[in-house]
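Remember, it's 1-based here, ligands and their atoms both numbered in the order they're listed.
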Amino acid sequence: MNQTGARGCFITFEGIDGAGKSSQIAAVVAFLEARGLKVDQTREPGGSALGEKLRELLLHEPMHLETEAMLMFAARREHLAVRIKPALEAGSWVVSDRFTDATYAYQVGGRGLDAAKFAALEQWVHPGFQPDLTLLFDLPPAVAAARVANTGAAPDRFEREQRDFFERVREAYLRRARAAPERIRVVVADRPPEEIRAEIEAIVVERFFR
Ligand code: TYD
């Protein structure tokens, strides 16, 4: 954290598909802006012009699982270079819908790829750099799947995965939270949105403004 105003803070949101991150991201951005902060809201995969093109491929184009993994990191490399780092250095806060924890959850936990390879990619793409705070939305995959189905939108490559995939993604996220409890805060996500919003504001205040 930096309260001198020299550098902004980086907050990420994580969780399985259908966890309900989107409305809470908008709320936290509004909360920070109301405190007079400049906030850049972004997402992964995506967040840069090239990254958004890679997102289209990642969500809809069939590909080898390792291609998927490396494209996630390629999109992230670009996102860091053209958006996240410049914004933080200019004193803006950055709020991202997903970052590297999603790769460990989906590609390592869900897809079953070797974590050691990702440690190497992570070390290459963002050595020594982590979010200042990560809010992990946790809920049973059955509840999340019902929410995704209710949107009526055509499911992407990830949303079409079966329940056991999301069980593994959820467990991988929770393992990461246990390994980094200071950074990753678990938010129970099958609760009324107002309760979740109040809890998140309390976490942000405790972490950055006290
Ligand atoms: P998301 O933006 O949450 O999807 P939506 O627009 O449907 O709310 O995330 C897109 C998908 O990409 C999501 O299913 C998780 C997946 N993903 C990974 O598998 N690995 C990653 O590293 C990232 C950032 C996302």
Engineer: Which atoms of ligand 1 have any heavy atom of Phe158 under 4.0 Å away?
Structural biologist: 11 (C), 12 (O), 14 (O), 16 (C), 19 (O)
Engineer: Does Phe158 form a side-chain contact (heavy atoms from CB on, under 4.5 Å) with Val169? I'd like the steps, not just the answer.
Structural biologist: CA-CA 11 Å; Phe158 297 98; Val169 173; over 6 Å; no
Engineer: Using a 4.0 Å heavy-atom threshold (strictly under), name the region of Arg43 that reaches ligand 1: side chain, backbone, both or neither.
Structural biologist: neither
Engineer: Determine whether Arg98 and Arg43 make a side-chain contact, defined as any pair of heavy atoms from C-beta on separated by less than 4.5 Å.
Structural biologist: no
Engineer: Cluster question for you: counting only ILVMFWY and a side-chain heavy-atom cut-off of under 4.5 Å, with indirect links fine, are Val108 and Phe166 together?
Structural biologist: no
Engineer: Starting from atom 7 (O) of ligand 1, find the nearest protein heavy-atom neighbour and note its residue, name and distance.
Structural biologist: Glu159 OE2, 2.9 Å
Engineer: Under a single-linkage definition using a 4.5 Å side-chain heavy-atom cutoff for Ile, Leu, Val, Met, Phe, Trp and Tyr, are Leu65 and Leu54 assigned to the same hydrophobic cluster?
Structural biologist: no
Engineer: Contact between ligand 1 and Arg157 is defined here as a heavy atom of the residue under 4.0 Å from a ligand atom; is it met?
Structural biologist: no
Engineer: Among all protein heavy atoms, pick out the one at the shortest distance from atom 3 (O) of ligand 1; state its residue, atom name and that distance to 0.1 Å.
Structural biologist: Arg98 NE, 2.8 Å
Engineer: Under 4.0 Å from a heavy atom of Glu44: which atoms of ligand 1 are those, numbered in the order shown and with their elements?
Structural biologist: 24 (C)
Engineer: So if I count the atoms of ligand 1 from 1 in the order they appear, which ones are less than 4.0 Å from some heavy atom of Arg76?
Structural biologist: 22 (O), 24 (C)
Engineer: Residue-level breakdown please: for Asp17 versus ligand 1, do any non-hydrogen atoms fall below 4.0 Å on the side chain, on the backbone, on both, or on neither?
Structural biologist: side chain
Engineer: I need the contact type for Glu68 against ligand 1. Using non-hydrogen atoms and a strict under-4.0 Å cut-off, is it side chain, backbone, both or neither?
Structural biologist: neither
Engineer: With sequence neighbours excluded, what pairs up with Asp17 under the salt bridge (charged side-chain N to carboxylate O under 4.0 Å, His left out) test?
Structural biologist: none
Engineer: Which atoms of ligand 1 sit under 4.0 Å from any heavy atom of Tyr106?
Structural biologist: 14 (O), 15 (C), 18 (C), 19 (O)
Engineer: Does the pair Glu122/Arg76 count as a salt bridge with the N-to-O cut at 4.0 Å?
Structural biologist: no
Engineer: Walk me through whether Glu201 and Arg197 qualify under salt bridge (charged side-chain N to carboxylate O under 4.0 Å, His left out).
Structural biologist: CA-CA 6 Å; Glu201 287 185 5; Arg197 182 182 158 151; 3.5 Å; yes
Engineer: For ligand 1, which part of Asp156 has a heavy atom less than 4.0 Å away: the side chain, the backbone, both, or neither?
Structural biologist: side chain
Engineer: In terms of residue, atom name and distance, what is the protein heavy atom nearest to atom 22 (O) of ligand 1?
Structural biologist: Thr103 OG1, 2.6 Å
Engineer: Answer yes or no for atom 9 (O) of ligand 1: protein heavy atom present at a distance under 4.0 Å?
Structural biologist: yes
Engineer: Considering only heavy atoms from C-beta outward, does the side chain of Ser48 approach that of Arg83 to under 4.5 Å?
Structural biologist: no
Engineer: Please answer: with hydrophobic residues joined when any side-chain heavy atoms are less than 4.5 Å apart, are Phe118 and Met70 in the same cluster?
Structural biologist: yes
Engineer: Which is it for Thr100 and ligand 1 at heavy atoms under 4.0 Å: side chain, backbone, both or neither?
Structural biologist: neither
Engineer: Below 4.0 Å, non-hydrogen atoms only: which portion of Pro45 touches ligand 1? Side chain, backbone, both or neither.
Structural biologist: both
Engineer: I'd like to know whether ligand 1 has Val148 as a neighbour, heavy-atom separation below 4.0 Å.
Structural biologist: no
Engineer: Can you name the one residue among Arg183, Glu14, Arg185, Arg176 that meets side-chain hydrogen bond (donor to acceptor under 3.5 Å, both in side chains) with Thr134?
Structural biologist: Arg183
Engineer: So which protein heavy atom does atom 5 (P) of ligand 1 come closest to, and at what separation?
Structural biologist: Arg55 NH2, 4.0 Å
Engineer: Give a yes or no on whether Leu136 and Met72 share a hydrophobic cluster (residues Ile, Leu, Val, Met, Phe, Trp, Tyr; joining criterion: side-chain heavy atoms under 4.5 Å apart).
Structural biologist: yes
Engineer: Going by the atom numbers of ligand 1, which of them fall below 4.0 Å from some non-hydrogen atom of Leu59?
Structural biologist: 10 (C), 11 (C), 12 (O)
Engineer: Would you call the rings of Phe137 and Phe13 parallel, tilted or perpendicular if under 30° counts as parallel and over 60° as perpendicular?
Structural biologist: tilted
Engineer: Would you please test Glu199 and Arg191 for salt bridge (charged side-chain N to carboxylate O under 4.0 Å, His left out) and show each step?
Structural biologist: CA-CA 11 Å; Glu199 182 182 349; Arg191 284 188 302 160; 2.4 Å; yes
Engineer: Would you say Gln107 contacts ligand 1, with heavy atoms under 4.0 Å as the rule?
Structural biologist: yes
Engineer: Any non-hydrogen atom of Lys21 lying under 4.0 Å from ligand 1?
Structural biologist: yes
Engineer: Which heavy atom of the protein is the closest neighbour of atom 21 (C) of ligand 1, given with residue, atom name and distance?
Structural biologist: Met72 SD, 3.3 Å
